[in-house]
Each structure stands twice: as structure tokens, then as C-alpha cells.
Amino acid sequence: MVYGVLRTAQGLRVQASDTLQPTSFTGDLGIELSGQPADLDYLKAAFAALAEGGTIAVPFVEAAWGGGDWWGLLTDKFGVTWNVMTFPEGKYL
């Protein structure tokens, strides 16, 4: 399994992993793009751009669990799965 986290200069977090089971790698790559509530407009635009030519599994909307979190899930035109979310700093990590 390969896993990595990057923080952008703007404070966004980009995480990526290939699989949880090293013996079952299928070539799929999952990426999470997350930020603070102040980044919501940027994340909306990023989600829309990533969705062009891809497939939206869950629209980027306010999350059902509440708390001001937003979440969406899509597969881009290259087959990469993107988990896009926003949440207050320190809420989960």
C-alpha cells in the first residue's frame, strides 16, 4: 500500500492511496481533496472541473451528517476516484 498526504500553500490537504490490501491491487487510485469551510467555493469549482467527462457518484453538497461539512465523490475521466470534502480544522485529524 502506498499512502501520502500533501498540504498546499493555501491550506488544502491532498491525500492519496492505492489500496488497503497490497495483494489485491487493481490499479485504482483514490485521492481525497479536503479543505476548510472558507475553501468551499474553491472546492465546488474543483469538484465541477474534476467531474467533466467523469462520473459523479455523490454530488458535492452539504453532508447528511451535518455540522457544516460538505462532501462529494466522483471518478474523473481518467478513472481516478476523488473524495472531495470540507470540514473545520482538527475535526477529524
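If you read the sequence from its start, that first residue is 1, and numbering goes on from there.
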Rounded to the nearest 0.5 Å, what's the gap from CG on L40 to CD on E62? Could you check?
9.0 Å

What pairs with W70 under side-chain hydrogen bond (donor to acceptor under 3.5 Å, both in side chains), at least two apart in sequence or on another chain?
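For W70 there are no side-chain hydrogen bond (donor to acceptor under 3.5 Å, both in side chains) partners, ignoring immediate neighbours.
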
So which atom in L74 and which in I56 form the shortest heavy-atom distance, rounded to 0.1 Å?
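Heavy atoms of L74 and I56 come nearest at CB-CA, 4.0 Å.
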
So do I31 and T81 actually touch side chain to side chain, heavy atoms under 4.5 Å?
no

Would you say S34's side chain and T86's backbone share a donor-acceptor pair under 3.5 angstrom?
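No; zero donor-acceptor contacts below 3.5 Å.
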
Please enumerate all residues that pass side-chain hydrogen bond (donor to acceptor under 3.5 Å, both in side chains) together with D76, with sequence neighbours excluded.
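D76 satisfies side-chain hydrogen bond (donor to acceptor under 3.5 Å, both in side chains) with W82 only.
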
Could you work out, with side-chain contact (heavy atoms from CB on, under 4.5 Å) as the rule, every residue matching A63, not counting sequence neighbours?
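Per chain and number, A63 pairs via side-chain contact (heavy atoms from CB on, under 4.5 Å) with W65, D69, W71.
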
L33 versus A46, closest heavy-atom pair with distance:
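Minimum heavy-atom contact is CD2-CB, 4.0 Å.
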
Taking the side chain as everything from C-beta on, heavy atoms only, tell me whether M85 gets closer than 4.5 Å to E32.
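M85 vs E32: side chains touch.
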
Any side-chain heavy atom of T75 within less than 4.5 Å of one from V80?
no

Point-to-point distance, once rounded to the nearest 0.5 Å, from OG1 of T55 to NZ of K77
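T55 OG1 to K77 NZ: 13.0 Å, rounded to 0.5 Å.
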
Name all pairs fulfilling the ring pair (Phe, Tyr, Trp, His ring centres under 6.0 Å) condition that reach into residues 36-58, sequence neighbours left out, sorted by first residue then second.
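Non-adjacent pairs meeting ring pair (Phe, Tyr, Trp, His ring centres under 6.0 Å): F47-F60.
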
